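To start, the structure under review is shown below, and the notes come after it.
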Amino acid sequence: MGKGKSKVVCGYPLSIFFIVVNEFCERFSYYGMRAVLVLYFKYFLRWDDDLATSIYHTFVALCYLTPILGAIVADSWLGKFKTIIYLSIVYAVGQVAMAVSAIHDITDSDRDGTPDSMTFHIVLSMVGLFLIALGTGGIKPCVAAFGGDQFGEHQDRQRRTFFSVFYLCINGGSLLSTIITPVLRAQECGIYSKQKCYSLAFGVPAALMVVALVVFIIGSGMYYKAEPQGNIMLDVCKCIGFAIKNRYRHRSKQYPKRQHWMDWAEEKYDKLLIAQIKMVLKVLFLYIPLPMFWTLFDQKGSRWTLQATTMDGNFGALVIQPDQMQTVNPILILTLVPIMDSLIYPLIKKCGLNFTPLKRMTVGMLLAAIAFVCAALVQIQIDVSTKQLLHSSPYILSGQGFIYFKLTIKGKANSDSTTVHNTDKATFTLRSGSQSCEYSTNFGFGSSYTFFIHSTLVFGSNCQDSVTAVEDIKPNSVHMALQIPQYFFITAGEVMFSVTGLEFSYSQAPSNMKAVLQAGWLFTVAIGNFIVLIVAELAKIPKQWAEYVLFASLLVAVCVIFSIMAYFYTYIDPTEIEAQFKKKINEDDEDDKSKPGKAEVEMVKRDSIKCHDEYDKATQTKM
Ligand SMILES: C[C@H](N)C(=O)N1CCC[C@H]1C(=O)O
């Protein structure tokens with residue numbers, strides 16, 4: 001049985017349908033907007049690459065920092081339901097602001113196709129991005145935890161499946177939007193003049209966010225809505241502060257040691273709160289090594305995409321752009337999550353192995369390290385095959401009766417007029433006054449040519465014989481398909497690490513701090529992104545393959561530390577512990593009423609022993 005007023009369908013509360021659809025639409029909105037953001041900065045706001053990249057990464061990091069704020073508001077004040085509603089409104093307003101900021105006609109008073117007041121567009125889009133970061137980050141820990149809340153105490157299996165389906169929805173939304181919004185951006189639109197349609201590319205995600213909100217509200221009557229329990233974060237901070245101060249005051253040897261340093265708060269604080277803080281601190285401590293996984297994971301969008309630009313994206317009927325390779329991740333998620341859940345995990349269980357959540361996360365980290373070893377091997381192959389500059393044609397041939405032009409064949413969208421974006425036969429028209437002739441040739445992906453036009457050129461219908469093409473840079477010969485193994489390993493790692501971590505963060509959190517621990521989990525993503533920024537700046541390793549090997553080694557080292565920490569972690573059932581504490585507190589209250597005047601110090605000691613016993617009983621299973 002679920003906990004809300006919701007009907008139960010196939011053992012699942014119907015209310016979670018609204019929650020997963022909400023997540024699908026929200027992730028569509030987020031990833032769709034993100035997919036075209038850098039291009040919007042570069043081509044609409046006319047920022048250079050460095051500024052565009054920095055603002056982009058700062059925005060992404062902010063999106064994973066704001067969950068802390070949303071979680072505090074939800075757990076201490078508004079509750080998850082109201083927090084999701086209010087912050088979704090903020091989020092939708094932010095998306096609309098982005099869409100409006102991309103309408104060039106608003107400030108194009110001279111109707112020449114370019115905005116006249118760039119300041120207006122910059123300010124509006126920055127306000128929009130800030131609201132989006134607040135909204136997406138703020139609701140993220142609440143939606144996951146709110147979904148988990150809908151399950152009853154004996155629905156552990158269903159709750160685990162829910163987190164897998166939840167992850168599928170994230171990636172379904174991400175996959176669709178990263179395919180659709182770049183197509184929308186490529187359309188031309190405008191009132192006075194036609195420009196690339198960023199307003200549509202931002203407008204559709206805005207509409208999806210409104211849909212997400214409406215769907216969530218429709219489910220309103222069915223949800224189980226846990227009440228917020230006061231300003232829990234303030235109580236937590238005060239309690240920790242008191243424990244530290246009290247420990248310091250009693251540092252002399254005459255005072256007996258206590259089992260845990262948090263037990264020094266017992267004189268002033270509720271034992272239940274102390275036990276809950278212990279649960280949270282234990283999990284947060286375990287999170288310390290985790291950002292390293294995200295440091296590797298998030299390089300899909302940067303280093304791996306740059307690697308793809310030096311590879312051959314010709315898949316026969318389909319020419320894949322380097323940035324499109326990233327869609328392999330959500331595609332693999334959609335395939336691997338069901339395979340893991342219905343085949344691999346049950347098979348491992350049948351073999352008698354206890355594949356606990358922390359073991360899964362450890363294996364996930366190792367798989368990510370393997371992915372980077374694959375990336376290094378591909379890089380070595382690219383380096384071997386690449387691009388020796390054959391010669392510098394203009395230097396050798398200048399002044400010998402030729403005119404020349406250079407042409408680079410790139411795999412990346414570019415506004416350079418001498419860049420061809422595919423490997424098809426290209427035809428050039430050579431003109432001199434009213435005379436012209438045509439020259440055609442085939443190009444390889446990533447190659448660069450210098451064309452020499454003979455001074456003896458005679459214009460006619462064909463000038464094939466009067467042009468000599470010299471290949472300066474060989475076409476990319478290493479195929480983009482070779483990146484698939486690294487995508488496979490990183491995604492398999494993500495399924496084991498991230499899907500498991502999401503559920504682990506929920507199941508190990510005390511009832512009043514579920515969203516806070518979800519935020520703690522998302523915080524590891526933010527720190528991972530910061531590490532990418534720092535390493536990119538600091539580690540100037542000349543060989544790219546060596547950088548990949550460095551990252552893989554770092555993750556293996558971190559993984560060893562994590563597995564040792566995980567070995568000493570004991571799984572808990574927060575609901576059971578809380579129930580025992582509440583029961584004992586009630587019993588003590590009864591006891592106190594019947595035996596007035598008992599020495600308070602004695603009581604504290606006795607309670608403390610009992611509480612430890614109960615806490616220990618409930619924390620049996622290791623890694
Ligand atoms: C798109 C990724 N495969 C993914 O699902 N995520 C990356 C960071 C966490 C997670 C998400 O919630 O978006």
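Note that these values count all heavy atoms, side chains included, but never hydrogens, waters or copies made by symmetry. For reference, positions follow the sequence shown, starting with 1. For ligands, and for the atoms within them, numbers begin at 1 and follow the listed sequence. Computed from a prediction, not measured in an experiment: that's the story for all the values here.
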| request: With Arg27 as the cation and Tyr30 as the aromatic partner, state whether NZ or CZ is under 6.0 Å from the six-membered ring centre and within 45° of the axis. | output: yes

| field | Residue Phe355 excluded, over 12 heavy atoms near CZ under 6.0 Å | value | yes

| said: Can you name the atoms of ligand 1, numbered from 1 with element, that are less than 4.0 Å from a heavy atom of Ile170? | reply: 5 (O), 11 (C), 12 (O), 13 (O)

| query | Who's the nearest protein heavy-atom neighbour of atom 7 (C) of ligand 1, and how far? | reply | Tyr31 OH, 3.5 Å

| message | Looking only at protein heavy atoms, which one is nearest to atom 12 (O) of ligand 1, and what is the separation? | response | Lys140 NZ, 2.9 Å

| atom 10 (C) of ligand 1: which protein heavy atom is closest, and how many Å away? | Tyr167 OH, 3.6 Å

| query | Are more than 12 heavy atoms from other residues, nucleotides or ligands located less than 6.0 Å from atom OH of Tyr487? | reply | yes

| field | More than 12 heavy atoms of other groups within 6.0 Å of Phe59 CZ | value | yes

| query | Starting from atom 8 (C) of ligand 1, which protein heavy atom do you reach first, and at what distance in Å? | reply | Tyr64 OH, 3.6 Å

| said: Looking at ligand 1, would Asn329 count as a contact under a 4.0 Å heavy-atom criterion? | reply: yes

| task | Assess Arg360 against Tyr345: is NZ or CZ under 6.0 Å from the centre of the six-membered ring, and within 45 degrees of the ring's axis? | result | yes

| When you measure from atom 4 (C) of ligand 1 to every protein heavy atom, which one gives the shortest distance, and what is it? | Glu494 OE2, 3.2 Å

| Closest to atom 5 (O) of ligand 1 among Thr491, Leu522, Asn171 (heavy-atom distance) | Asn171

| Presence of salt bridge, Asp149 and Lys80, under 4.0 angstrom | yes

